[in-house]
2 protein chains.
Amino acid sequence: MNNEQNKIPQATAKRLPLYYRFINNLHHQGKLRVSSKELSEAVKVDSATIRRDFSYFGALGKKGYGYNVEYLLSFFRKTLDQDEVTKVALIGVGNLGTAFLHYNFMKNNNTKIEMAFDADPNKLGSDIGGVPVYHVDDLEDHLKNTAVAILTVPSTEAQGITERLVDAGVSGILNFTPARISVPDHIRVHHIDLSVELQSLVYFLKHYPLEEEAGD
Amino acid sequence: MNNEQNKIPQATAKRLPLYYRFINNLHHQGKLRVSSKELSEAVKVDSATIRRDFSYFGALGKKGYGYNVEYLLSFFRKTLDQDEVTKVALIGVGNLGTAFLHYNFMKNNNTKIEMAFDADPNKLGSDIGGVPVYHVDDLEDHLKNTAVAILTVPSTEAQGITERLVDAGVSGILNFTPARISVPDHIRVHHIDLSVELQSLVYFLKHYPLEEEAGD
DNA sequence: AATAAGTCGTGATTTTATTCACATTCTTTT
DNA sequence: AAAAGAATGTGAATAAAATCACGACTTATT
Ligand SMILES: NC(=O)c1ccc[n+]([C@@H]2O[C@H](COP(=O)([O-])OP(=O)(O)OC[C@H]3O[C@@H](n4cnc5c(N)ncnc54)[C@H](O)[C@@H]3O)[C@@H](O)[C@H]2O)c1
Ligand SMILES: NC(=O)c1ccc[n+]([C@@H]2O[C@H](COP(=O)([O-])OP(=O)(O)OC[C@H]3O[C@@H](n4cnc5c(N)ncnc54)[C@H](O)[C@@H]3O)[C@@H](O)[C@H]2O)c1
């Protein structure tokens, strides 16, 4: 599944869902074609970078013309496996977890939170946003064919839950806790560390002031 | 404020809050010294990268010894301006916004959400997590000396609100909406795009399978 | 006091990502 | 049908980040 196109840089791979979303928007707006320059303005990525990114998949566009929106869309849909839904489990139905359950990740997306877990008996039973909430003790019973988990438990619980997830066959974890969890080599973890994001934004503001405008 | 240490790579700057948090943990555990190797295991960053990162600030450690935890901590506290609190406003008290208000970003942090805004009259008045919620019509009246805003409004509102924030003097925006907002050059925007994060995790799982373990 | 073990700081190298710049090709206009 | 304009795809250049690898110094041990 990967060897055919093994050379796609990680930086490119991370931008693909973004491209997909904006191409989708264009399609809904009824646009028939788009240039890398236009797309660049929409997604805020340099147009040369966009052309380079697309070129890893072959020649998707036409010189002098740009890209056909319909074609791009169907190409990216295939590439991002948009027709096949990936099952996701969420662990920790607290502030953040509840927000995710209410949000419909499916709108534009090939993923679906199918079940949630919590340790607090008060959270159980109710379907939050249409997703059933089970007790975390029953994790292993319900987690069948679930490839991805979203971790929104207290950071002290993160490592323990992670180990159970891995044993239960999960192979990707989106970790929102501040803990840096340890996993075997074949498991992929993406950390989204909101405090770090906020702090680093503040650091950049103080230490890397951007050009003041010359007025408009 | 920046010229003294102008050469710190962005990748390094993004890791600083992470280092700070873990050094803080070590301090609370009563550890007196730490090596780049130990720290590496905790934060999951290569030890050479850590030494390189630290070296941009001069010689913080001692050869053959490692780093003094107390010294590192006080150094990073200064560097990250932990003694000075940055005021933050949050716009959009919905699922995600409410979660952030309940979360105490201050725990380990130099930032504080001081006020929130929403367009829905039902959300007003109540202090969520101790933060007052005002009507978005009054944005300009309340936003004094607020450098940073967190955007958790519907994506259709993002650009309009952004323009008002910029006019009101905000210089950094943490954007959780899927919209790619346009800002003048002197404004810094960090995008946290949760759908993209989830989709790209799925993409990596399918296209970049990691080494299977040889068992243990 | 000498030896061994541990660890930093950094020059050099490698890897990854971005950007430039232009020949080529397609579209549109005259 | 020719000329002008638009936009791709990519080799080459540049920039940014990560990693290797080792000399220099510190601490611990015998
Ligand atoms: N809320 C935010 O804005 C925010 C911001 C940054 C980071 N985080 C991090 O995200 C995580 C969740 O934050 P939150 O604000 O939603 O916390 P929360 O306390 O509201 O939610 C945690 C939930 O996990 C459940 N839980 C506890 N132990 C469990 C276990 N062993 N198994 C399953 N469920 C368990 C709790 O019952 C609770 O419902 C935390 O690690 C926090 O540090 C949150
Ligand atoms: N909740 C999630 O898990 C999640 C995940 C990914 C992205 N997002 C994005 O984050 C944003 C917020 O998501 P949410 O789930 O919290 O949505 P939400 O609808 O629950 O909250 C949006 C809030 O903004 C308020 N609002 C609307 N117009 C406003 C305006 N002009 N000024 C001020 N407030 C206004 C609404 O009253 C509402 O309270 C959206 O853009 C969404 O796409 C959310």
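No experiment lies behind these values; they were computed from the predicted model shown. Each chain gets a letter, A, B and so on, in the order its sequence line appears, and its residues count up from 1. In what follows, every heavy atom counts, from backbone to side chain, and hydrogens, waters and symmetry copies are set aside.
For T49(B) and dT19(D), the shortest distance from a side-chain N or O to OP1 or OP2 is below 4.0 Å. For S36(A), a side-chain nitrogen or oxygen approaches OP1 or OP2 of dT8(D) to under 4.0 Å.
Under the rule for a ring-ring contact (aromatic ring centres under 6.0 Å, His included), the partners of Y67(B) that lie at least two apart in sequence or sit in another chain are F54(B). Listed by chain and residue number, F22(A) satisfy the side chain to side chain contact (heavy atoms under 4.5 Å, CB included) test with A42(A) (two or more places apart in sequence, or in another chain). Legend: residues meeting salt bridge (Lys or Arg N to Asp or Glu O under 4.0 Å) with E38(A), ordered by chain and number and at least two apart, are K31(A).
Sequence neighbours left out, the pairs with a member in residues 188-203 of chain A that pass salt bridge (charged side-chain N to carboxylate O under 4.0 Å, His left out) are R180(A)-D193(A), D193(A)-R21(B).
Interface limits on DNA chain C: the 5'-most and 3'-most nucleotides within less than 4.0 Å of chain A heavy atoms are dA17(C) to dT28(C).
Atom CD of Q159(A) has more than 12 neighbouring heavy atoms from other residues, nucleotides or ligands inside a 6.0 Å radius. For NZ of K44(A), the number of neighbouring non-hydrogen atoms (other residues, nucleotides, ligands) closer than 6.0 Å is greater than 12. For E70(B), the CD atom sits in a loose shell: 12 or fewer heavy atoms of surrounding residues, nucleotides or ligands are nearer than 6.0 Å.
Shortest non-hydrogen contact noted between N68(A) and Y71(A) is OD1-N, 2.8 Å.
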For nucleotides 20-30 of chain D, give me one character per nucleotide, 5' to 3': B if any protein heavy atom sits under 4.0 Å from the base, S if the only such contacts are to the sugar-phosphate, - if neither. -B-BBBBS---
